[in-house]
Structures are given as structure tokens and as C-alpha cells.
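Working notes for the structure below.
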2 protein chains.
Amino acid sequence: MEKETPESRKQVRMQDVAAAAGVSLASVSRVLRTPGAASPDITARVQEAVKRLGYAPSPIASSMAGAQSPIVGVVVPTLANAIFSQSLQAMSSELETSGLQLMMGTHDYDPLREEQAIQAFLRWNPVALIVTGIHHSRDAMRLLLGANCPVYEMWDYTDRPLDNVIGFSMEGAGRAVAQHLIEKRRRNLVFVGHQLARDPRAQVRADAFMAVVAAQDEVTGRVMEVGERNAAAGMAIMQQILTEFPDVDGVAFSGDAVALGGLTAAQDMGRHVPGDISVIGFGDLDPTVASRPPLTTIRPPHEEMGRLIAQSILRRAKTPDSAPQKINLGFELIERGST
Amino acid sequence: MEKETPESRKQVRMQDVAAAAGVSLASVSRVLRTPGAASPDITARVQEAVKRLGYAPSPIASSMAGAQSPIVGVVVPTLANAIFSQSLQAMSSELETSGLQLMMGTHDYDPLREEQAIQAFLRWNPVALIVTGIHHSRDAMRLLLGANCPVYEMWDYTDRPLDNVIGFSMEGAGRAVAQHLIEKRRRNLVFVGHQLARDPRAQVRADAFMAVVAAQDEVTGRVMEVGERNAAAGMAIMQQILTEFPDVDGVAFSGDAVALGGLTAAQDMGRHVPGDISVIGFGDLDPTVASRPPLTTIRPPHEEMGRLIAQSILRRAKTPDSAPQKINLGFELIERGST
DNA sequence: GGAAACTGTGAAAGCGCTTTCACAGGCTAT
DNA sequence: ATAGCCTGTGAAAGCGCTTTCACAGTTTCC
């Protein structure tokens, strides 16, 4: 009723709440961020004033005065690849009601850009920083180790993480793919990667794949690369494979998008899948169930990673002293028909 | 060489730079943010000190003291749908070097959550706020109109935007799809949407589709819904359609993921595509080229929207007085073979 | 030659919070 | 009954910047 400044200030400040409730600034702050620290009387008066004035604290001012900002930084290689956006989506919905904001950066597999993104995020004093994978430039490592917030490495798993790690074994995935093809009596294998030199995760899978192949008598394997991560590139590389190496009978792709193209191209060229040739993907993108035959693929725990990281962050926000987590979520090889 | 505090302070402050350069705080600030405002001598000294100390200003403190934060808020319905992540990816790479950070929020087509996301973003005083579509709750509208930063409505186009709008006509897209099927001599059409009640953009396309159908003699049309936006749902609905309405000869989907499922299911049920039935999608997701037949679809200007918005934001950051933009990017109907 | 008009610079006042610190007032323990 | 303790509260000092304002030191103009 008794408003002092009709329209002069657009933004309600904590000061206004304090005045309205007849208490000090400090008390308002206490009521808002340390439940139980103020007496019931003051708590009630402040809460009433907050509601009446529609007050919401400025996250910027909190960040300035406090030690951290209500921000979670996330660095992913790209959003063009659906596997990362699925993790992000899960994280985003999980963080929804927490008051934390997702700050997002992409680097397109460029270590320098990754480092810059990390550096930029750290300046914001985020509550947590999430990076993709366990391979980073030396400087990026240094930044991450010096960060004064929990760091999460996502997607890969390792026993010796920087801090927290939630993911699965890329080596295991590469091996599983090779073993699966060998079990299916495939003898001439190809691993198709996309920019392996830039994507360390795919490189690890390729290496593991080739290691399994090398350990098998009478099985040959080679690694090939595509320039783009899309179906058209998959079609092109499959044509090349079947032309140059007609007796290839098993192809593993480092991504489902490319694999779907490869699957189609093989059939276009008259090969029967899986009779003549097996095709296996990675990622379990949605359309894999709609191809004919449906695509056998590796299913990473997309959403689960995002969800668990978000939950872990929220937990650590309350209990800052808890130990770092190492979670190996594993993966699933989903046999659908293309092998 | 002559460092005063060996390890006492971890973060270099502007104060430190000022001291090192032998100038005042104000001068450092001027050199950094108003090129040309300081004398060449001071500018050189400050720049040298900045480089030597490895100083980078705290975005939080800048935000606190200045009028705006180096943040761009983006609200999209979901990242699970690749069409949005593609726009985001384009935005992200475009903003890469600008020093602006992307803050991202999702609402899963829930107007209340959209409103909350907008409200949360506005508290950060962002440089710009990007929302998806032109349909918002009353309160969300009020928030957007009261925002003291440029607001961008993305994806849809309208002549009377809140502020800026960059997108294409959903009505046009819905009409184009219907007209295309009619040109292909299809007579019994179905429009398949996903949660039309929650997704106003899809609803507009559905309505436009039905309007065209209604204006045509001897053409029937109906709208059906799927619960999930994935290939499995597409397969299920196509089975239902062909069972309940065996003479349907044209199906338009409100998303490619669902359409790819529908395409496959139709063929699984013995229908020839496009001989017996035409299938058309929306979104031009990557795997559309790999289906057999490849999927005819509507291609929205994904990346272009993201890129143009980012560029517009950067431009307006320099020229704050420039007029709001209204850009209708149009769409493309890509005929591939499934119609 | 003196007044008026610029220029570039530094001191200082915030921005809206959090947190420390000192201090009343009501306790418990002797 | 008095000394010593808690407990809850408010005053005040920042957090690291931006920006205003006043002030020298120059230049320009009559």
C-alpha cells in the first residue's frame, strides 16, 4: 500500500525488501540463503515482503559478492551431432528447477577453442564445469586442475580422472564392435571414422577395434576416414570400400549418421545386409530403428550421463565436501539386424 | 620481474594492471572498452601490462557495474529435436570469438516453463534474448516486452513481431506440403503431428494443411497425432493409418524422425512409396537422404537462422540504436523420391 | 595576452548482493 | 546474584568493475 517510489525503480532490490519487512539487509540475505538462520518472526516478515514485492535476487550481484555463480558451464564438441545434444537435453531438464543456468560452448574438436571456452567459463566462477572427454590440451588440463569448482569429464571413462568422470569405456566400445563382427564370422573389416585425428574418442575406438582384429588370425582390418559426419559421406565411403575392397564383409562406423548412409549404399550396390556384409554404427540415433534392416549399433548412456552429472552437481552444491565421483555407465551393443 | 604478491592473489584484478602500468583504474577500463579514449602512451602501457599479467576482466564485475552482461539467452523447446540444436550450433560458432556466452534453457513446449526460463534469463541482464516461435503465454509476452535488451523470435515469421523476428512462414510450409501432395494427385491425405496442442508451430502447419485440403474438391484430409517424436512412433501411426484408412495415399509428418518411421512402416506393409502412397517430412534431418526412397521434406533454414541472429546481435551490440529486424528466410521443399 | 573551450586523467561513488564483526539481550552455570 | 555464553541482529566492508565528475594542462580564439 505505502509504496515510496511509484515507478522510479524498475528492479526490486534486496534493500527494498529489507525496508518493507522492517529488517536489515543482512537478515533478508540470511532468510533467503540460509534457512533456519533467522528467527521465525523475521523469516515470516521477509518472506511476506519478498512475495508482495515480487522480489528475486540478482544472480549477478550474488555472484559478485559470493564465491560462485549459479552457472554450470558445459563444453561439447558440437551440437550438430545429436549424441551430445541428447546429453545436454537431459542435463537441462534436470537442472531446470535448481536456479542454475547452463552456459554452453562448442569447439568443433579444436583443442585451442576448447581451451578458450574453458577459460571463458572459469571467469564466471561457475558452480561446476563439464567438459567432453578426457583428452585435453596441456593448457586446458592446467586450467581444469586449477579450477575452483568441480570439473566433470563426460562421455569417456578413465580410472584416473582430473576430478569427476561419468562415461563409458571407448576402448571397450571399439573392442565390442570388432568382437561382434568377428562373432558374426566377418573376416574383412573396415572401421570408418570421422576426422579421427581431431576426435580422440573415435581414435581410441578405432585403435581398440584394430587391436582386436590384429589378435585374430584370418581377420583383416583397416581404418578409413570420412570428411563429413553425415549420411551422404557414409554412402560415398561405402561405395569406395566396395569398389576398392570388394571382399569387405564388415564395416563399423564411428557414428550412426554415417552408418545409415553406408547401410543404404551397400544395398544400393546390390549387397545383401547382413548376408553379404555387416554394418554396425555408434550412437543409437533415433532413425536406426527405421532403416531396413534396422541398424545394429552401440548405445551410449546419453541421457543418463547428463542426468547423473546434473544430480551430482546439485548434490555437491549442498555438500561441497563430498568426494569426486567416478562412474562407468557402460554401453550397450544393440543387435538389430544389420549384422 | 618485480612481482609484489608472489602467490597471494590468484586472480589478476584490474587494479593490478593499473598499478603495473602506473595509471589509474579508470584508464585501464577506458583502454579496454573504449578504444581511442586514452592517449597512445597510456594505451600502450596498459596493453603491455595486460599482456604481461595475463589479465582478463571479470565478466561478473563488468555485468555488475555496467548495464548489461556478455550473455545471450536462448530458449528452445528441446534439444532432443535436432532441428533446434542445429540452429544453436550455428549460433554458438558465430558467437565464438565475440566474448558473448550462450545461456541455454529448454521448456519442452510448456508455456509456464518457457516463462520461467525467460524470467531467469532476464535477471542476468543479457545482451540479447532469443526465444523460439511467436506464441508465448501472456506473462511471457509481458516479460519480453519489458526486457531491456533486444528480443529475437526465431523459427516463425510474422509481420508484427515483438521486436526482432527471423524465421519462415509455418503457414506457408503447411500449405506447401498439402499443395505438393495434391499436385502429386494424392486424394486422401493425413497430417501427422506430435503433441499439436503443445506445439503451436506444428498446429499452424496442420491448420494450413487442412485449409488447402478443404479448398480442394475430391481431396480429403485428417489430422492425427503421435505421442513421441521418434521413428517408432512413426511406424506405429503409419500402421494405424493404413489399417483404419486403407485408401490414404499421402501422409505429411510434422517431423522427419517420425516420417522416416512412417516411410519404413508403409513399405513393411507392402505399400509402394511413392507409387501407392506419398510420404513427406519436415526438418530435413540428415538421414533423410539415406532412406529408400529418400524422403521428400521441408528444409527450414536451420543454420542460417542461427547465424543471422548471432550476427544481428553482434551488430546491435555496436550500434545499439539500429532498428529491429524482420527477416523471412523462407523454406525449401526438397523433393527426393518419397512423393 | 587573457578568456574560453577542449583534452586526457584520476578520485570516488556506486552496482546489489554476501559475510564478517560487534553488540545487545536473554541464557546457563557457578 | 554475578560472570560467562550463546543467539540473533544490524552496520559496514567489500566483491571487481564502470562511469561520472572535477581538475589540471593544452589549445584555440578574440
Side-chain angles (χ1 to χ4, degrees), chain A residues 5 8-46 49-50 53-71 99 122-125 127 148 317 320, chain B residues 5 8-46 49-50 53-71 99 122-125 127 148 317 320:
Chain A
T5 50
S8 57
R9 291 216 152 276
K10 39 178 23 175
Q11 193 62 32
V12 184
R13 277 139 47 257
M14 190 178 270
Q15 187 57 257
D16 304 326
V17 175
V23 300
S24 73
L25 251 189
S27 290
V28 178
S29 182
R30 273 188 288 258
V31 169
L32 261 37
R33 53 193 357 265
T34 357
S39 68
D41 171 41
I42 288 215
T43 301
R45 268 155 60 201
V46 167
V50 164
L53 300 181
Y55 170 74
S58 152
I60 297 176
S62 309
S63 309
M64 173 96 252
Q68 294 197 313
S69 319
I71 289 176
L122 288 179
R123 285 203 195 95
W124 287 92
N125 275 117
V127 165
N148 57 356
Chain B
T5 50
S8 56
R9 291 214 151 278
K10 39 177 24 177
Q11 192 62 32
V12 184
R13 275 138 50 258
M14 189 178 271
Q15 188 57 258
D16 305 325
V17 175
V23 300
S24 73
L25 253 189
S27 290
V28 178
S29 182
R30 272 189 287 258
V31 169
L32 261 37
R33 55 194 353 268
T34 357
S39 67
D41 170 44
I42 289 215
T43 302
R45 269 155 60 203
V46 167
V50 164
L53 300 180
Y55 170 74
S58 152
I60 297 175
S62 308
S63 308
M64 174 95 251
Q68 293 197 312
S69 320
I71 289 176
L122 288 179
R123 285 201 196 97
W124 287 92
N125 274 116
V127 165
N148 57 356

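Letters A, B, ... are given to chains in the order of the sequence lines, protein chains preceding strands, and every chain is numbered from 1.
Among the nucleotides D:dT18, D:dT9, C:dC17, the one closest to any side-chain atom of A:P57 is C:dC17. Closest to the B:R13 side chain, of the nucleotides D:dA11, D:dG16, D:dG14, is D:dG16. When the nucleotides D:dA11, D:dG16, C:dG16 are ranked by their closest atom to the side chain of A:A26, D:dA11 comes out on top.
Atom CD of A:Q11 is separated from atom P of C:dG14 by 19 Å (rounded to the nearest Å). Summarising the geometry, the separation between CD on A:Q68 and P on C:dC17 is reported as 19 Å, rounded to the nearest angstrom. Between B:N125 atom CG and D:dC17 atom P the separation is 18 Å, expressed in whole Å. Taking atom CD1 on A:I42 and atom P on C:dA24, their separation rounds to 17 Å, with Å as the unit. Whole-Å rounding puts the A:M64 CE to D:dG14 P distance at 13 Å. Distance CD (B:Q15) to C1' (C:dG10): 12 Å, rounded to an integer number of Å. The interatomic distance linking A:M14 (CE) with C:dT19 (C1') rounds to 12 Å, in whole Å. The interatomic distance linking B:R45 (CZ) with C:dG10 (C1') rounds to 13 Å, in whole Å.
The residue B:S29 sits close to a base: some heavy atom pair falls under 4.0 Å. Residue B:I60 is out of contact with every strand shown, counting any heavy-atom pair closer than 4.0 Å.
A:A18 and A:L25 make their closest contact through CB-N, 3.9 Å (heavy atoms, listed as atom of the first residue, atom of the second, distance). In terms of heavy atoms, A:A56 sits closest to B:R123 at CB-NE, 2.9 Å.
In terms of position on DNA chain C, the residue among A:A56 and B:L25 whose nearest nucleotide sits closer to the 5' end is B:L25.
Here the CG-CZ distance, from B:L53 to B:R13, works out to 11.5 Å after rounding to the nearest 0.5 Å.
For C:dG10, the OP1/OP2 oxygens have a side-chain nitrogen or oxygen of B:S24 closer than 4.0 Å.
Interface residues of residues 30-40 of chain A facing DNA chain D, ordered by number: A:R30, A:A38, A:S39; criterion, heavy-atom separation under 4.0 Å.
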